[in-house]
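My structure is below; once you've seen it, I'll send some questions.
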Amino acid sequence: MDPRQRKEIQRLQENLERRMADQQLVRLLAQDGFTGPRYDAFENDLARYAISVLRAWMYSGYIFKMAASRGFGLNPHELDLERLAADSDLREELASMTVAMALPRFRQRAFVDGGWTFDGGAGITTYFMGACLYDFPNEFRRHRNSEAAQRQALLHPHFDDEALPGVESEVVGREVLRDALKSIDPNKVRERAVVALTLDGFTQEEIRDILGENSIRAIEGVLHRWRKKAAAKTRQERSEDRG
Amino acid sequence: MDKDEQFAELMDKSSLGTPQARRITQRVTPEHAETVRRIAHLRNEIVHGYARDRLAAARELVDLLRSLGFAWREEVPDELVNLALNHPAELLASDHAPEQADPLGEEQSWWVVSSAEPTLSPKQPQSPDSSDPDGDEDDVTGRETLEHPTTAARPGATAGQRRRKESKFLSADEAARVMGVSRTKVYRLVRQRVLPSTGAGSNLRIPRSAVHNYMQKSHTGHKDAD
């Protein structure tokens with residue numbers, strides 16, 4: 001057995017143990033009828049996790065790929081993607097409202113009705129993120145249709161022309177992200193997501209978790225190829241400037 | 001091993017307990033998650049609750065969403081708005097103390113339906129001081145123990161209400177008035193952890209001393225800049 005196979009087996013083993021722990025946890029929570037302080041604590045952590053992941057998915061535009069894989073073709077305009085990348089308040093609002101919508105339904109369907117099972121293959125967090133993906137389209141459409149959003153779009157017709165706020169780090173962050181994402185083909189959603197999340201300070205382990213990748217090496221590979229392409233592009237631009 | 005220990009151990013081993021899941025979780029404050037859960041509860045109440053509870057839930061939800069700077073108009077069904085506007089008496093005839101001020105003060109809201117509308121929870125005291133028999137002014141967990149400044153300062157305010165005027169904690173609304181800023185700004189400062197707080201949403205409370213310290217620092221900062 002080569003090291004790669006050993007690692008894969010270890011990963012599968014860990015995954016299995018986590019799901020078994022999830023199952024025991026659900027049984028414990030069922031004893032209280034999925035109410036009470038322990039369920040509150042569990043739900044609180046689940047909400048924190050989901051809001052964080054949703055914000056990251058929105059920041060990177062990855063959420064639209066995930067929603068599309070479940071049959072929700074939201075067809076975001078380039079401006080939608082840019083606003084989501086640039087506006088942390090908007091990400092927070094959409095993530096919060098999506099989670100608020102998903103929590104009660106998840107409790108009923110996954111736990112009370114027994115929709116989540118150990119042998120389904122997904123852990124509780126993955127299952128809940130799936131539930132959020134069914135509620136996100138409604139929240140996103142609501143936002144897109146709102147008058148406020150249209151007003152905002154008129155006020156800020158393009159990312160490039162956006163009045164940037166006074167917080168230096170945020171300004172720098174946005175500019176770096178904007179330049180980086182411009183250099184990546186819009187259809188390469190995975191690459192855009194990995195780069196955006198890296199620039200937002202997520203670790204490779206966190207990115208692996210957020211994007212549901214199998215290994216950190218996959219993330220490293222994407223970043224390596226992106227850096228190589230960016231370096232080649234810079235060299236080409238420099239030689240053109242000289243020429 | 002008792003249930004709480006078992007729960008803690010299982011949480012550590014579960015999908016939420018991996019190191020990366022923990023790091024991801026820590027990017028959102030527990031207070032924010034509590035607020036989101038409150039939103040979920042209120043939405044549920046609006047859909048499934050009795051008419052009176054639905055109205056109260058709608059009011060609290062809109063208040064909460066506004067305080068967070070979130071869009072709120074589409075969160076409350078038109079039917080409930082109409083209900084509130086057209087049938088306030090039936091909905092609100094209740095066992096509340098009759099002379100409560102509106103929590104919004106001058107900032108009248110679209111749903112204001114009656115001057116007798118209760119501002120706080122249905123467990124309002126029927127007689128002066130009945131909510132605070134032991135004189136504990138620091139209880140920030142129960143909504144009924146804190147009053148809006150306009151209520152506390154009213155000539156007809158009860159002794160308990162006047163005493164709580166000097167409570168060590170302020171609501172977001174009260175802090176905003178003291179600081180002369182919007183409530184949204186107060187929530188932002190709390191979110192940025194510039195101001196310490198306890199509770200969440202409409203139950204959020206900020207130590208009065210922290211507000212004063214913040215104002216003092218701001219003032220000193222301005223003077224230094226001059």
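Here is how names work: the chains are called A, B, and so on, in the same order as the sequence lines, proteins then strands, and each is numbered from 1. Please read these numbers as outputs of a predicted model, since none were measured by experiment.
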Original post:
What is the minimum heavy-atom distance between A:Met97 and B:Phe70, and which atoms define it?
Top reply: SD-CD2, 3.8 Å
Original post:
Looking at A:Ala56, A:Ala100, A:Gly123, A:Ala102, which one has more heavy-atom pairs under 4.5 Å with chain B than the rest?
Top reply: A:Ala100
Original post:
Would you call B:Arg22 and A:Glu206 a salt bridge, taking side-chain N to carboxylate O under 4.0 Å as the test?
Top reply: no
**OP:** Can you tell which part of B:Glu9 gets under 4.5 Å to a heavy atom of chain A, answering side chain, backbone, both or neither?
**Re:** neither
Original post:
Who in residues 35-55 of chain A is close to chain B, using a strict under-4.5 Å heavy-atom cut-off?
Top reply: A:Arg38, A:Asp40, A:Ala41, A:Phe42, A:Glu43, A:Asn44, A:Asp45, A:Leu46, A:Ala47, A:Arg48, A:Tyr49, A:Ile51, A:Ser52, A:Val53, A:Arg55
Subject >> Contacts of residues 7-30 of chain A with chain B (heavy atom under 4.5 Å) >> reply: A:Arg18, A:Ala21, A:Asp22, A:Gln24, A:Leu25, A:Leu28, A:Leu29
**OP:** Evaluate whether atom CZ of A:Arg6 has more than 12 neighbouring non-hydrogen atoms of other residues, nucleotides or ligands under 6.0 angstrom away.
**Re:** yes
Original post:
With chain A, which of B:Val36, B:Leu42, B:Leu68 has the greatest number of heavy-atom pairs at distances under 4.5 Å?
Top reply: B:Val36
Subject >> Pick from B:Ser15, B:Pro19, B:Ala40, B:Ala33 with the largest number of heavy-atom pairs that fall under 4.5 Å of chain A >> reply: B:Ser15
Subject >> Stepwise side chain to side chain contact (heavy atoms under 4.5 Å, CB included) test for B:Lys3 and A:Asp32 >> reply: CA-CA 11 Å; B:Lys3 270 192 178 180; A:Asp32 301 330; 3.7 Å; yes
Original post:
Near A:Arg109 CZ, under 6.0 Å, is it more than 12 heavy atoms from other residues, nucleotides or ligands?
Top reply: no
Original post:
Where on B:Thr18 is there a heavy atom nearer than 4.5 Å to chain A: the side chain, the backbone, both, or neither?
Top reply: side chain
Original post:
Is it the side chain or the backbone of B:Asp12 that comes within 4.5 Å of chain A heavy atoms, both, or neither?
Top reply: neither
Original post:
How about B:Ile24 and A:Asp209: do any of their side-chain heavy atoms sit closer than 4.5 Å?
Top reply: yes
Original post:
Stepwise, does the side chain to side chain contact (heavy atoms under 4.5 Å, CB included) test hold for A:Thr125 with B:Leu16?
Top reply: CA-CA 7 Å; A:Thr125 47; B:Leu16 282 166; 3.6 Å; yes
Original post:
What residue in B:Thr25, B:Asp4, B:Asn44, B:Leu10 has the most heavy-atom pairs under 4.5 Å with chain A?
Top reply: B:Thr25
Original post:
With a 4.5 Å heavy-atom cut-off, do A:Thr203 and B:Gln20 have their side chains touching?
Top reply: no
